[in-house]
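Naming convention: chains lettered A, B, ... in sequence-line order (proteins, then strands); numbering from 1 in each chain. This structure is a prediction, so every number in the text was calculated from the model and none was measured.
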Protein chains: 2
Amino acid sequence: MAKSAPVPGRPRSRDAAGLPAVTPDRIIDAALELTARHGVETWTLRQLAGAVDAYPAVIYHHVGDRDTVVTAVVDRVIAKYELPDENMPFRDWWRQFLTNLRTVFMQYPGVARRVALNGPSVQAGGPTVDRAMRTLLEAGFDQDEAAMVCRLLVSQACLFISLEDDQRRAREAKDKISAGWGAPPANPELSGLATLNESVQGRLSDPEKNQDYFAELFDYAIDRVLDGVEKRLEEIRGS
Amino acid sequence: MAKSAPVPGRPRSRDAAGLPAVTPDRIIDAALELTARHGVETWTLRQLAGAVDAYPAVIYHHVGDRDTVVTAVVDRVIAKYELPDENMPFRDWWRQFLTNLRTVFMQYPGVARRVALNGPSVQAGGPTVDRAMRTLLEAGFDQDEAAMVCRLLVSQACLFISLEDDQRRAREAKDKISAGWGAPPANPELSGLATLNESVQGRLSDPEKNQDYFAELFDYAIDRVLDGVEKRLEEIRGS
DNA sequence: ACCTGAACACCGTTCAAGT
DNA sequence: ACCTGAACACCGTTCAAGT
């Protein structure tokens, strides 16, 4: 766009061309939409500039480098989920919270990974962290272990969501990720391997089960780790 | 390297220059070493070519594109860990196995993430998967749930290791990741947030505790999820 | 202050040409 | 068959110059 040499009749300013002024807000809006469609790591700064009908340097002028833009996008996404009712028992609260997190984050591929890595900004994440810590303290964890559990559960959810993000994307490109797995093993000694392959075969032949395989793993991962946290809590209470 | 124009006295073939012939094996060796030092996502094909005193096109000729090289590197790394004694009870076996996995993978940043995403190749991962599945089947899981638990535990370990990889790398660059967290919250209503910040403060002021924070999270994550898997097993046995 | 347009230093990948 | 050396189409980032 805007690649042609200046033509006499062509307006030389955004104003004269009838284009809206570029603002930081409009840039983040565009970046959010690009993220929803392509994932946060996939769009380029040149694409973003194109989406607001501007030159790459304009992004730098109004917002900053790519990382700064992405940070702003992440903050926007974090503002989108709702926190469960604070009167719920801690296990139900977390189950609900992490499920909400997933449905929102899955709409913006790559955001979960960013949050796992950097955490949320204090600004955007503060209220969430406050509520989350309270549920754990009320449940009976001491200060340090509550902080640990908080980190564990948020990481658990974000990491498994980011796994879903990336595997979905890889599948779209190629369908040969699990190639080789599913076929009976050449070595008949490997009976455990054969069993896994049978299970994989069952999935591959039933397309709708295969569809929700990722979601199933997420739920299973969350449930098992919550079981583990609950058991730990019983140990604390018992001692 | 080899950037100057051809000089009369300069030998024009690797042989004449006394350089060893480039082989796929030598290329993977160099890639493995670059991975150990810089991480699998960080080195460039041009660096790899430089490491074997060759042009980038030579890598393509002998091995293939970047992804093919990385896949070969991952297979090499997988061959490096040892499997625990097969007579151990399933929980101890997994605890040991995932710990071994961590010590090996941590030496090659980025490999854990690749394994979480693509799994190992059938060639390299077959024996491990076989043993892993057997422990779960013997413990009492049915075929499908054993496959699920296997996937959960390997993913759990790889994802948390990859989190360590990336956070270590980020810390080396900047020390402001947790900037803002640790300071008392501006809003006095957020008592849960204040508690978290106290815990963070305690860590930051005790440097050796901060050092092992990542390792601590890994162990905690593995122990909680194993607790959860064990509890699930008791449910199955009871019914 | 805001925007243009070109440039810089990279990247993975491809390819004709040499030996 | 193996290697050279240059080129292609990208990328994030910077900057002097225009309005």
B:R76: side-chain hydrogen bond (donor to acceptor under 3.5 Å, both in side chains) partners, not counting sequence neighbours: B:D29
Taking only residues two or more places apart in sequence or in another chain, which ones pass side-chain hydrogen bond (donor to acceptor under 3.5 Å, both in side chains) with A:S121?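 Residues passing side-chain hydrogen bond (donor to acceptor under 3.5 Å, both in side chains) with A:S121: A:D75.
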What stems, by residue range, does DNA chain D take part in, given at least 3 consecutive Watson-Crick or G-U pairs under 3.5 Å? C:4-8 with D:12-16, C:12-16 with D:4-8
Provide the full list of side chain to side chain donor-acceptor pair (under 3.5 Å) pairs with a residue in residues 39-49 of chain B, sequence neighbours left out, each pair given once. B:T35-B:W43
Taking only residues at least two apart or on different chains, which pairs with a member in residues 149-163 of chain B satisfy side chain to side chain donor-acceptor pair (under 3.5 Å)?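 Qualifying pairs: A:Q156-B:Q156.
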Are OP1 or OP2 of C:dT4 and a side-chain N or O of A:H61 less than 4.0 angstrom apart?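 Negative; the distance criterion is not met.
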On the nucleotide C:dG5, are OP1 or OP2 found under 4.0 Å from the side-chain N or O atoms that A:Y55 carries? yes
Between side-chain atoms of residues 108-116 of chain B and protein atoms elsewhere (two or more places apart, or another chain), which donor-acceptor pairs fall under 3.5 Å?
from	atom 1	to	atom 2	distance (Å)
B:R113	NH2	A:D166	OD2	2.3
B:R114	NH1	B:D67	OD1	2.9
B:R114	NH2	B:T71	OG1	3.1

For A:R131, check salt bridge (Lys or Arg N to Asp or Glu O under 4.0 Å) against everything at least two apart and list the hits. A:E86
Looking at DNA chain C, which of residues 27-37 of chain B put a heavy atom within less than 4.0 Å of it? none
Do side-chain atoms of A:R169 reach the backbone of A:H38 as a donor and acceptor pair under 3.5 angstrom?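 A pair under 3.5 Å: yes.
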For B:R26, all residues meeting side chain to side chain contact (heavy atoms under 4.5 Å, CB included), sequence neighbours excluded: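 With neighbours one apart ignored, the set is B:P20, B:T23.
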Using the test side chain to side chain contact (heavy atoms under 4.5 Å, CB included), find all partners of A:H61 that sit at least two apart in sequence or belong to another chain. none
Would you mind listing every ring-ring contact (aromatic ring centres under 6.0 Å, His included) that reaches into residues 62-82 of chain B, with sequence neighbours excluded?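 Residue pairs with at least one partner in residues 62-82 of chain B: B:Y81-B:F97.
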Using a 4.0 Å heavy-atom cut-off to protein, can you give one letter per nucleotide of nucleotides 7-16 of chain C, 5' to 3': B if the base is in contact, S if only the sugar-phosphate is, - if neither? B---BBBBB-
